[in-house]
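Both backbone and side-chain heavy atoms feed into the values below; hydrogens, waters and symmetry mates do not. Labels below follow one simple rule: chain letters A, B, ... track the order of the sequence lines, proteins then strands, and each chain is numbered from 1.
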Protein chains: 2
Amino acid sequence: MVDIRNTRQRRAVSAVLDELEGFASAQQIHGVLGQRGEKVGLSTVYRNLQALVDAEQVDALRGNDGEVLYRRCEAGEHHHHLVCRSCGRAVEVAGPAVESWATKVATENGFTDVEHTLEIFGTCADCSAST
Amino acid sequence: MVDIRNTRQRRAVSAVLDELEGFASAQQIHGVLGQRGEKVGLSTVYRNLQALVDAEQVDALRGNDGEVLYRRCEAGEHHHHLVCRSCGRAVEVAGPAVESWATKVATENGFTDVEHTLEIFGTCADCSAST
DNA sequence: AAGAACCATGAGAACGATTGTCAAGACGAG
DNA sequence: CTCGTCTTGACAATCGTTCTCATGGTTCTT
Ligand SMILES: [Zn+2]
Ligand SMILES: [Zn+2]
Ligand SMILES: [Zn+2]
Ligand SMILES: [Zn+2]
């Protein structure tokens with residue numbers, strides 16, 4: 001009963017995610033792999049990232065230009081991010097008050113199956129220093 | 001000193017936005033125009049929608065599948081939306097507490113030029129009734 | 001009303017991110 | 001090692017959106 005296999009490519013993608021501090025796109029990750037001499041197909045990068053997202057080991061969010069960014073996820077809990085627009089570095093933040101507010105607003109208006117997205121973007125201290 | 005002109009196409013796009021209750025994609029709006037016999041090029045729809053967004057007369061947000069949705073904007077104030085995943089209908093919501101929380105979290109972490117995105121998705125009463 | 005100036009339009013090409021296809025390759029249980 | 005099955009990768013295809021540029025429509029000025 002084989003299910004999920006341990007391949008070189010899967011390990012490589014996971015390794016890159018471990019080393020990156022912030023969010024990065026699939027193509028950026030593919031680029032990093034290339035620079036290291038790790039040959040991994042772009043489709044494979046996409047597939048493995050998606051698998052990691054499904055396994056809730058990686059967070060994904062959509063940047064302003066619409067491309068999806070990935071980052072290793074610390075907590076398995078529901079949380080949001082404070083992301084640097086410039087370097088991608090991110091801080092995981094939790095806002096219990098926001099959670100309950102969102103739910104309240106939704107139910108008050110008769111909505112069910114409620115979900116929400118919340119991201120905070122800014123320029124981190126390091127990036128604003130190196131102007 | 002000519003600047004912004006009053007064309008048939010611009011009026012048509014604006015009219016559709018007035019009649020739609022919820023968020024709709026550029027292509028959906030283009031489709032509606034087609035059904036009414038209003039010939040408007042897809043590029044033109046995109047251009048006019050973007051112009052309306054820049055003029056802050058229309059709200060834009062990105063749906064889960066990544067496509068941009070547009071909707072006539074009531075207030076000029078900063079606000080967020082409670083959107084029906086199924087029909088696009090939306091309620092404008094304001095959350096002063098969320099605003100200040102987001103700013104606080106960001107400054108505490110040394111981030112500047114702070115912005116945020118927040119959308120609540122769910123199924124509206126009408127849509128969950130017609131299952 | 002007529003002309004000039006120039007913004008707007010549309011058809012299609014171009015784009016960039018992501019997904020699908022499918023034959024060939026790699027993995028791991030037995 | 002062998003076999004069944006999961007994965008991979010090169011490339012085509014899709015999808016939303018933007019770009020190009022020749023043509024058409026508006027508005028301002030006489
Ligand atoms: Zn930064
Ligand atoms: Zn939340
Ligand atoms: Zn609905
Ligand atoms: Zn806000």
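In this structure, B:Tyr70 places its OH atom 12 Å from P of D:dG16, rounding to the nearest Å. Atom pair B:Leu33:CG and C:dG10:C1' shows a separation of 14 Å (rounding to whole Å applied). Rounded to an integer number of Å, the gap from CG of B:Leu49 to C1' of C:dT9 is 15 Å. Atom CZ in A:Arg8 sits roughly 6 Å away from atom P in D:dG9 (whole-Å rounding). Straight-line distance from the CG atom of A:Asn6 to the P atom of D:dT8: 10 Å, rounded to whole Å. A straight line from CZ of A:Arg62 to C1' of D:dG16 spans 11 Å, rounded to a whole angstrom. Rounded to whole angstrom, the span from the NE2 atom of A:His30 across to the P atom of D:dT8 amounts to 13 Å.
Residue B:Ala26 has its side chain nearest to D:dT17 when only D:dT27, D:dT17, C:dT9 are considered. With distances taken from any side-chain atom of A:Val40 to the nucleotides D:dG9, C:dC27, C:dA8, the minimum falls on D:dG9. In the set D:dT17, D:dG9, C:dT9, the nucleotide with an atom closest to the side chain of B:Gln27 is D:dT17. Nearest nucleotide to the side chain of A:Glu67, out of C:dT18, D:dG9, C:dT9: C:dT18. Ranking C:dT9, C:dA26, D:dT8 by closeness to the B:Arg10 side chain, first place goes to C:dT9.
Comparing A:Ser43 and B:Leu69, the nucleotide of DNA chain D nearest to each residue sits closer to the 5' end for A:Ser43. When the nearest nucleotides of DNA chain D are assigned to B:Arg11 and B:Leu42 by heavy-atom distance, the more 5′-ward of the two goes with B:Leu42. Along DNA chain C, the nucleotide closest to B:Arg47 and the one closest to A:Tyr46 are compared, and the more 5′ of them pairs with B:Arg47.
Taken together through direct or relayed side-chain contacts under 4.5 Å among Ile, Leu, Val, Met, Phe, Trp and Tyr, B:Ile120 and B:Val91 form part of one hydrophobic cluster. Grouping the Ile, Leu, Val, Met, Phe, Trp and Tyr side chains by contacts below 4.5 angstrom, directly or via other members, places A:Val53 apart from B:Phe121.
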side-chain contact (heavy atoms from CB on, under 4.5 Å) between B:Arg36 and B:Val16, intermediate numbers included: CA-CA 10 Å; B:Arg36 302 187 178 178; B:Val16 172; 3.9 Å; yes
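At the phosphate of C:dT18, neither OP1 nor OP2 sits under 4.0 Å from any side-chain N or O atom of A:Gln50. For A:Gln9 and C:dA26, the shortest distance from a side-chain N or O to OP1 or OP2 is not below 4.0 Å.
Using a 4.0 Å heavy-atom distance criterion, B:Thr7 is classed as a sugar-phosphate-only contact. Here A:Asn48 lies in heavy-atom contact (under 4.0 Å) with sugar-phosphate atoms only.
Defined by atom type and a distance below 3.5 Å, a donor-acceptor pair is missing between the side-chain atoms of B:Ser14 and B:Arg11.
On a pure distance criterion of 3.5 Å, no polar donor-acceptor pair joins the side chain of B:Ser25 and the base of D:dG16.
Under 4.0 Å is where a charged nitrogen must lie from a carboxylate oxygen, and between A:Arg62 and A:Glu119 no such pair does.
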